Amino acid sequence: MSNLPIFFLSALVAETIGTFTGFGATTILLPIAALLFPLREAIVYVGLFHFFGTAFRTLFFARGINWKIALLFGIPSLVFSSIGALLLSVISPSIVSKILGISLIVYSVNSLFFRRLKLPATPAVLVSGGATTGFLAGLVGTAGALRGAFLTSWNLSKAAYLGTGAVMGLGADAARAYVYWRTNLIHTTPAFILGLLIIALLGTTLGRKFVQKTPSQLFSRIILIALLLAGLRFLIS
């Protein structure tokens, strides 16, 4: 494949950024992959790569995982993502995407320049937040930025923010990779899959080094700026 060097370099950059911010790797990589490969192959390749990256993030930041948030938020998110997907033929995803974009922009701007929203640490808030995130993910196709916005409101440490966000997404990524394998959508060589695994490890390692060297206050502001950019993308896409 003559496109492999471009794809692997793009994947390395995407995973480094995705590890640092906790979201965005797929958003960066999928449009590039779609230019290099047929769309179905691009989706499968990026899905596998994202699974590897999420697994490494979960491993690297495992000590920071807040399991209460991960379980109470993550389980409803998985359930309601299926409901959102089922309603995809009824509700326009473009409208939902714009609403999501506006919500992320308002939240990030308010948090950057005014006062950050803090949600009460109650099971009801976690369950409802997970259900909302999952439902919108089923319609729009991605949940990373919205999940990131939710986690920033809890004022978590860098390791807790990244570890909790990673383990939340790991189940969905694993399920998607399993479906690809069971339905014979993975038409590639073991060497290519090994390449994806190595690049995911390198990108996660680089991203973690940047996280470790970034002061917590600056890290928090970078995340909010990334949320603002994600909101703009949803709004204009």
Side-chain angles (χ1 to χ4, degrees), residues 14-28 50-81 103-104 107-108 110-112 115-134 136-137 142-174 200-201 203-231:
E15 184 56 37
T16 302
I17 295 173
T19 297
F20 186 91
T21 61
F23 60 90
T26 299
T27 303
I28 295 170
H50 196 267
F51 165 63
F52 293 147
T54 305
F56 285 128
R57 276 180 250 165
T58 301
L59 179 64
F60 286 172
F61 298 102
R63 291 186 178 181
I65 295 174
N66 185 314
W67 286 105
K68 175 184 177 182
I69 294 178
L71 293 175
L72 289 177
F73 186 93
I75 293 175
S77 181
L78 285 175
V79 173
F80 275 81
S81 65
S103 300
L104 289 172
Y107 171 77
S108 57
N110 182 74
S111 298
L112 280 167
R115 180 177 297 180
R116 184 174 302 183
L117 173 67
K118 291 185 179 181
L119 298 175
T122 63
V125 171
L126 287 170
V127 171
S128 59
T132 301
T133 300
L136 292 176
T142 180
L146 184 59
R147 184 175 63 238
F150 183 90
L151 289 176
T152 59
S153 71
W154 291 79
N155 200 26
L156 300 171
S157 67
K158 292 186 292 184
Y161 166 80
L162 293 169
T164 305
V167 78
M168 282 180 181
L170 184 59
D173 283 350
L201 176 59
T204 308
T205 302
L206 285 173
R208 181 175 64 165
K209 288 186 179 296
F210 289 135
V211 169
Q212 292 170 340
K213 293 181 178 180
T214 304
S216 295
Q217 188 172 3
L218 176 59
F219 175 81
S220 179
R221 293 189 69 82
I222 292 174
I223 298 303
L224 290 171
I225 292 172
L227 288 172
L228 174 61
L229 295 174

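Nothing fancy with the numbering, it's 1 onward along the sequence. For clarity, every value in this text was computed on a predicted model and none was experimentally measured.
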Would you say the side chain of [Y] lies within less than 4.5 Å of the side chain of [X], judging by non-hydrogen atoms?
| X | Y | answer |
| --- | --- | --- |
| M168 | T133 | no |
| L59 | T204 | no |
| R57 | L162 | no |

Could you tell me whether the side chain of [X] and the main chain of [Y] form a donor-acceptor pair under 3.5 Å?
| X | Y | result |
| --- | --- | --- |
| T164 | N66 | yes |
| S220 | S216 | no |
| T19 | T16 | no |
| K158 | V211 | yes |

Hey, what do you get for [atom1] ([X]) to [atom2] ([Y]), rounding to the nearest 0.5 Å?
| X | Y | atom1 | atom2 | answer |
| --- | --- | --- | --- | --- |
| L228 | S111 | CG | OG | 10.5 Å |
| I222 | T21 | CD1 | OG1 | 10.0 Å |
| K213 | F20 | NZ | CZ | 12.0 Å |

| With sequence neighbours left out, what residues match F73 under ring-ring contact (aromatic ring centres under 6.0 Å, His included)? |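 F150.
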Partner set under side-chain hydrogen bond (donor to acceptor under 3.5 Å, both in side chains) for T54, not counting sequence neighbours:
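Only H50, D173 meet the side-chain hydrogen bond (donor to acceptor under 3.5 Å, both in side chains) criterion with T54.
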Under 6.0 Å between ring centres, would you say that holds for Y161 and F61?
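No, they do not, as the ring centres are separated by 6.0 Å or more.
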- Heavy atoms from other residues, nucleotides or ligands near CD of Q212 exceed 12 (cutoff 6.0 Å):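 Enclosed: over 12 neighbouring heavy atoms sit under 6.0 Å from CD of Q212.
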